[in-house]
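Just so you know, these numbers come straight off a predicted model, no measurement behind them.
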Amino acid sequence: MELTITNENTSAGSSGTIQLLDMPASPVIEEYQSEIITEGTQSVIEEGQVYQDKQTIATAMKHYSVMHKFQFRVKRSSHRRYWLICVGENCNWNFKATSINDSAMFKIRSFNRQHTCTLMHDTFIHRKHIAVVVGSMVMPKYCDPKTVYTPKDIQTDMLSQHRVNLSYMQAWRAKEKTLQFLRGHPADSYNKLPKYFYILEKRPVVVVDGTFLKTAYRGIMLTASTMDATGTILSLAYAVVESENDASWK
């Protein structure tokens with residue numbers, strides 16, 4: 001819709017008129033009228049859906065393949081397109097998505113769900129990157145380091161929520177992949193030890209400790225010590241508290 005303002009001069013003076021003209025919607029605007037999907041755990045995938053970026057739509061398709069127990073491979077992929085086909089020979093299943101007006105958002109242009117192959121269910125569970133796919137699905141469970149979520153829990157949830165029967169080893173690999181992504185590889189931590197020891201040599205070391213008091217009043221003594229220039233232990237502070245906890249150390 002377009003707004004126009006005209007001004008007409010008459011003998012009695014000037015008068016202004018406002019006229020609203022019906023204009024067709026811009027194709028660019030129509031592209032953005034769909035709801036933008038920001039999560040990669042969509043249970044329903046269909047043509048016309050708009051995703052916030054390529055990574056989200058790729059995650060959604062991995063999740064979809066787990067739920068429907070089949071394998072796909074990427075035929076074409078770039079910053080503007082994402083084209084998937086089934087791993088089955090001559091299978092009709094295919095998926096195409098492209099970016100919207102060169103933006104980060106991706107829209108599903110075509111999606112043929114019909115499989116004409118037999119490479120489903122049994123072979124899906126043996127795919128090599130099943131750990132990566134399942135790991136991405138259970139990753140929120142490991143965001144809190146205090147959360148206990150075992151491979152057995154992964155097996156139970158995948159079977160009850162997605163009807164996917166994983167072996168214990170597959171669930172264990174999924175857990176390891178997730179922890180590696182969130183916290184890095186354990187070997188990387190050991191590689192950082194030389195730098196850590198170098199820092200310790202350059203900075204004074206403060207040692208804190210606590211010990212039980214076995215007197216009539218009991219309690220716990222907390223101490224903080226370091227070493228002076230002559231190598232002698234130097235006490236910095238001490239306190240007697242009821243119990244050793246975070247509040248006591250503060």
Side-chain angles (χ1 to χ4, degrees), residues 37-46 49 51-77 82-89 91 93-95 97 106 108 111 113 115 117-197 199 245-246:
I37 298 172
T38 59
E39 299 292 334
T41 55
Q42 283 290 110
S43 58
V44 177
I45 307 290
E46 57 187 13
Q49 287 179 332
Y51 290 76
Q52 66 176 357
D53 52 33
K54 182 181 175 183
Q55 180 61 43
T56 304
I57 201 170
T59 302
M61 290 309 297
K62 290 177 181 178
H63 183 264
Y64 181 87
S65 70
V66 171
M67 293 180 62
H68 293 270
K69 306 180 183 69
F70 76 97
Q71 304 177 54
F72 65 75
R73 65 182 179 88
V74 179
K75 186 171 184 179
R76 288 202 179 103
S77 179
Y82 188 56
W83 185 358
L84 308 175
I85 60 174
C86 180
V87 297
E89 187 175 357
C91 183
W93 188 96
N94 66 83
F95 172 91
F106 266 65
I108 300 177
F111 184 25
R113 300 175 180 80
H115 284 272
C117 67
T118 58
L119 296 178
M120 297 180 66
H121 301 286
D122 292 337
T123 57
F124 163 78
I125 211 65
H126 298 298
R127 61 190 299 186
K128 293 181 179 180
H129 57 283
I130 183 64
V132 177
V133 178
V134 175
S136 66
M137 297 172 67
V138 301
M139 190 174 296
K141 299 285 188 178
Y142 294 102
C143 290
D144 184 354
K146 297 181 180 179
T147 300
V148 178
Y149 191 62
T150 66
K152 187 64 178 177
D153 295 328
I154 296 177
Q155 286 181 286
T156 302
D157 289 348
M158 290 300 295
L159 183 59
S160 62
Q161 298 176 15
H162 307 292
R163 300 188 298 279
V164 174
N165 191 13
L166 297 177
S167 68
Y168 182 87
M169 185 55 66
Q170 288 168 329
W172 180 83
R173 290 196 184 103
K175 176 185 176 181
E176 292 300 305
K177 287 288 184 182
T178 303
L179 293 178
Q180 181 176 333
F181 178 82
L182 292 174
R183 305 171 190 173
H185 196 281
D188 297 334
S189 299
Y190 283 94
N191 291 334
K192 293 179 181 179
L193 285 178
K195 295 181 180 179
Y196 175 70
F197 290 144
I199 294 174
N245 50 48
D246 292 341

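Remark: the D153 side chain and the T156 side chain contain no N/O donor-acceptor pair separated by less than 3.5 Å.
Of the possible polar contacts, none joining the Q49 side chain to the I57 backbone as a donor-acceptor pair under 3.5 Å is found. A distance-only check finds no donor-acceptor pair linking the side chain of Q180 to the backbone of H185 [under 3.5 Å].
Here the straight-line distance linking atom CE of M61 with atom CZ of F72 works out to 6.0 Å at 0.5 Å rounding. Between the CZ atom in R113 and the CG atom in N94 there is a gap of 11.0 Å [rounded to 0.5 Å]. Atom OH of Y168 is separated from atom OG1 of T150 by 6.5 Å, given to the nearest 0.5 angstrom. If you take CH2 on W83 and CD1 on I85, they are separated by 8.0 Å, rounding to the nearest 0.5 Å. How far NZ of K177 is from CZ of R173: 9.5 Å, rounded to the nearest 0.5 Å. The CD atom of Q155 sits 5.0 Å away from the NZ atom of K152 when rounded to the nearest 0.5 Å.
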message = I'd like to know whether D157 forms a side chain to side chain contact (heavy atoms under 4.5 Å, CB included) with V138, so could you lay out the CA-CA distance, the side-chain angles of the two residues, the decisive distance to 0.1 Å, and finally the verdict.
response = CA-CA 9 Å; D157 289 348; V138 301; over 6 Å; no
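Enclosure of atom NZ in K175 by more than 12 non-hydrogen atoms of other residues, nucleotides or ligands within 6.0 angstrom is indicated.
Of all non-hydrogen atoms in V74 and S77, the two that sit nearest each other are CG1-CB, 3.6 Å. Across I45 and Y51, no two heavy atoms sit closer than the pair CD1-OH, 3.3 Å. Nearest heavy atoms, H63 versus G40: CB-O, 3.6 Å.
In terms of the side chain to side chain contact (heavy atoms under 4.5 Å, CB included) criterion, residue partners of L182 (sequence neighbours excluded) are, by chain and number, M139, Y142, T178.
The closest side-chain heavy-atom distance from W172 to I154 is not below 4.5 Å.
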